[in-house]
Amino acid sequence: MAFPTETYYGLAVDPFNPAALDRLFAVKRRPRAMPILVLVSGLEQLHLLASDLPPVYDALIRCFWPGPLTLIFPALATLPEQLTGGTGTVGIRRSPLSAANRLLTAFGGPITATSANLSGRPAALTAIEVHRVFGDGLDCILDGGATPGGSGSTLVGIRDADLHCLREGQIPFAQVRDCARFEPSTMNDNR
């Protein structure tokens, strides 16, 4: 299913269902080594996906969630390899868009939110664009009007006990670092 997010239209499947993930990769023509990002409705869903919650993420979650910041967590070993791309990590975000949150509530758990596009092509901004790209290849398109586009979410992880920007998006990485610096959490906790 396609649905609007705060950046582009996304594609939602059950992140715990390997067959659904296989279909997602086929529809997008996406290389299987690329992980798939997941949306959660709240912090209580993090334990369903992440094996560890780095202390510095507390500050980043307080500063930027809900919003276009994807945090890369150590993944639970039980997650499908298709979701993690074999990386052992999982990207998680909380959307501020009410349509996305209503979908999460209706589904009753986390959903994928990879951009609605063929791999390597621009992401769809409208439901009409989604239909042009995928035709009848999707079960459903939730038309929430035009999305703002622009940059995608900023992707941040931890490497060598320090914050690392994998992709700068709507939130400048300098702003992410500033938030982490001024909060009581430190990068050296539990490392």
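If you read the sequence from its start, that first residue is 1, and numbering goes on from there.
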Would you say [X] and [Y] are hydrophobically clustered, going by side-chain heavy atoms of ILVMFWY under 4.5 Å?
| X | Y | value |
| --- | --- | --- |
| Leu104 | Leu46 | no |
| Ile36 | Val40 | yes |
| Leu163 | Trp65 | yes |
| Met1 | Leu97 | no |
| Val90 | Val56 | yes |

Where [X] and [Y] come nearest, the two heavy atoms and their spacing:
| X | Y | result |
| --- | --- | --- |
| Pro110 | Phe16 | CD-CE1, 4.1 Å |
| Ala50 | Leu53 | CB-CD2, 3.9 Å |
| Phe134 | Ala116 | CE1-C, 3.8 Å |
| Asn101 | Ser41 | OD1-CA, 4.4 Å |
| Leu142 | Pro4 | O-CD, 3.4 Å |
| Leu39 | Ala113 | CG-CB, 3.5 Å |

What verdict does the side chain to side chain contact (heavy atoms under 4.5 Å, CB included) test give for Arg32 and Asp22, after you've listed the backbone C-alpha separation in whole Å, the side-chain angles of each residue and the deciding distance to 0.1 Å? CA-CA 9 Å; Arg32 293 197 177 261; Asp22 285 342; 2.9 Å; yes
I'd like to know if the side chain of [X] and the backbone of [Y] have a donor-acceptor N/O pair within less than 3.5 Å.
| X | Y | answer |
| --- | --- | --- |
| Asn17 | Ala19 | yes |
| Gln175 | Ile171 | no |
| Tyr57 | Ile72 | yes |
| Tyr9 | Gly144 | yes |
| Thr5 | Thr7 | yes |
| Lys28 | Ser115 | yes |
| Arg30 | Pro35 | yes |
| Asp160 | Asp162 | no |

Could you check if a side-chain atom of [X] sits within less than 4.5 angstrom of a side-chain atom of [Y], using non-hydrogen atoms only?
| X | Y | result |
| --- | --- | --- |
| Val156 | Thr70 | no |
| Pro15 | Pro80 | no |
| Pro74 | Ser51 | yes |

Rounded to the nearest 0.5 Å, how far apart are [atom1] of [X] and [atom2] of [Y]?
| X | Y | atom1 | atom2 | answer |
| --- | --- | --- | --- | --- |
| Leu103 | Ile111 | CG | CD1 | 4.0 Å |
| Leu166 | Thr154 | CG | OG1 | 11.0 Å |
| Thr89 | Leu83 | OG1 | CG | 9.5 Å |
| Phe73 | Ile92 | CZ | CD1 | 5.0 Å |
| Arg93 | Leu37 | CZ | CG | 5.0 Å |
| Arg94 | Leu43 | CZ | CG | 6.5 Å |

For Arg29, does the CZ atom sit with more than 12 other heavy atoms under 6.0 Å from it, leaving out its own atoms? no
Evaluate the criterion side chain to side chain contact (heavy atoms under 4.5 Å, CB included) for residue pair Leu76 and Leu49; output intermediate values, then yes/no. CA-CA 6 Å; Leu76 288 173; Leu49 300 157; 5.6 Å; no
Stepwise side chain to side chain contact (heavy atoms under 4.5 Å, CB included) test for His131 and Ile141: CA-CA 8 Å; His131 190 265; Ile141 300 172; 3.9 Å; yes
Please name the residue in the list Arg167, Glu6, Gln170 that meets the side chain to side chain donor-acceptor pair (under 3.5 Å) test with Ser153. Arg167
Would you say the side chains of Thr112 and Thr114 form a donor-acceptor pair under 3.5 Å? no
Trace of the side chain to side chain contact (heavy atoms under 4.5 Å, CB included) decision for Arg23 with Val27: CA-CA 6 Å; Arg23 182 169 176 218; Val27 166; 4.2 Å; yes
